[in-house]
Amino acid sequence: MLYIKCPYCGLRAQKEFSYGGDATVKRPNINEEVSNEDWDNFVYMRKSPRGKHIELWQHIAGCRQWIKVQRDTATHEIFQTAKVTEEIR
Amino acid sequence: MKNVSSLENIHKLGLFGNNDNKDELINIREIKDVLIYQIVKYKKSSISIDKIKIDNLNLPKTLFVSSNHYTRILWMGPDNWLVVSSNKEIEKSILENLSHDDFALTDLSHSRTILELEGSLVDEVLKKGCPLNLDGLDEGKCSNSAFHAITITIDFISSNPRKIRIFALRSFGESLYHSITDACLEFGYKAE
């Protein structure tokens with residue numbers, strides 16, 4: 001089982017969390033002209049990297065906050081977690 | 001309005017499980033007739049919570065509980081608290097101390113099932129279905145977690161004797177009760 005350090009509650013089991021997808025995807029700016037391809041990329045197209053990846057998780061059975069998690073998709077090692085408003089470097 | 005217990009059909013009083021010749025059993029009781037309010041501070045609000053008092057209690061910090069004889073205030077998340085009280089005037093106290101511009105108040109009194117477990121083996125019961133690390137979760141702490149995939153809030157009322165309250169959504173009450181009592185059978189339990 002993975003253990004994820006929630007920035008609010010501390011180290012918790014993965015059972016308390018829900019995966020929320022790629023945290024690096026940026027929504028096109030509001031009121032900006034968006035091509036069909038850019039919109040398609042934003043809505044559907046996702047990378048599937050092997051190695052370090054920044055993801056969104058929600059502490060659904062805890063404080064219910066969304067957090068960012070930097071995880072290795074091959075080894076599942078978790079390097080860093082942060083509040084959703086913070087940057088992971 | 002009549003307060004109908006969510007466990008009315010299944011919470012039968014008596015001794016159950018492996019209770020023969022046991023010095024210590026787990027006591028299980030349902031907590032009813034309490035008022036439950038959720039307090040959420042708006043994101044845009046810049047008010048400090050340090051000086052706010054509800055029923056003479058501060059809003060607690062992360063994973064802590066503020067309590068007196070009638071009222072317990074649990075930390076549920078950032079800027080989110082749960083007030084559980086047998087004080088019938090608690091709503092008045094909250095409204096007097098919190099501004100509408102800074103806080104949202106929701107009455108959840110009929111939306112939760114509350115089980116109280118007491119005994120030295122309570123932690124063993126929790127370990128059977130809850131992934132929480134119980135080290136350091138002593139008297140005056142609280143935490144959200146899950147028990148057999150049911151989202152719960154645990155209020156650690158006392159360490160000696162170990163006494164906890166488990167909150168779950170009312171609709172999960174019977175399911176939680178079955179899960180908890182099933183976990184208690186090995187140790188023997190007394191439903192009060």
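Below, each value reflects all heavy atoms present in this structure, side chains not excepted, and no hydrogens, waters or symmetry copies. Each chain gets a letter, A, B and so on, in the order its sequence line appears, and its residues count up from 1.
Remark: the S145(B) side chain and the R12(A) side chain contain no N/O donor-acceptor pair separated by less than 3.5 Å.
Residue K47(A) qualifies as open at atom NZ: its count of foreign heavy atoms under 6.0 Å is 12 or below. Atom CZ of R64(A) is surrounded by 12 or fewer heavy atoms from other residues, nucleotides or ligands within 6.0 Å. Within 6.0 Å of NZ on K128(B) lie more than 12 heavy atoms contributed by other residues, nucleotides or ligands. The 12-atom threshold is not exceeded at CG of N56(B), counting heavy atoms of other residues, nucleotides or ligands nearer than 6.0 Å. Other residues, nucleotides and ligands place more than 12 heavy atoms under 6.0 Å from the CD atom of E96(B). Within a 6.0 Å sphere centred on NZ of K22(B), other residues, nucleotides and ligands contribute more than 12 heavy atoms.
Interatomic distance, CG of N133(B) versus CG of L11(A), reported as 8.0 Å (0.5 Å rounding). For the atom pair Y8(A) OH and N80(B) CG, the distance stands at 12.0 Å (nearest 0.5 Å).
The closest side-chain heavy-atom distance from L132(B) to E16(A) is below 4.5 Å. Side-chain contact between C9(A) and W75(B) is present, with heavy atoms from C-beta onward closer than 4.5 Å.
Residues C63(A) and G77(B) share a closest heavy-atom pair of CB-CA, 3.9 Å.
Contact of T62(B) with chain A is made through the side chain alone, with heavy-atom distances under 4.5 Å.
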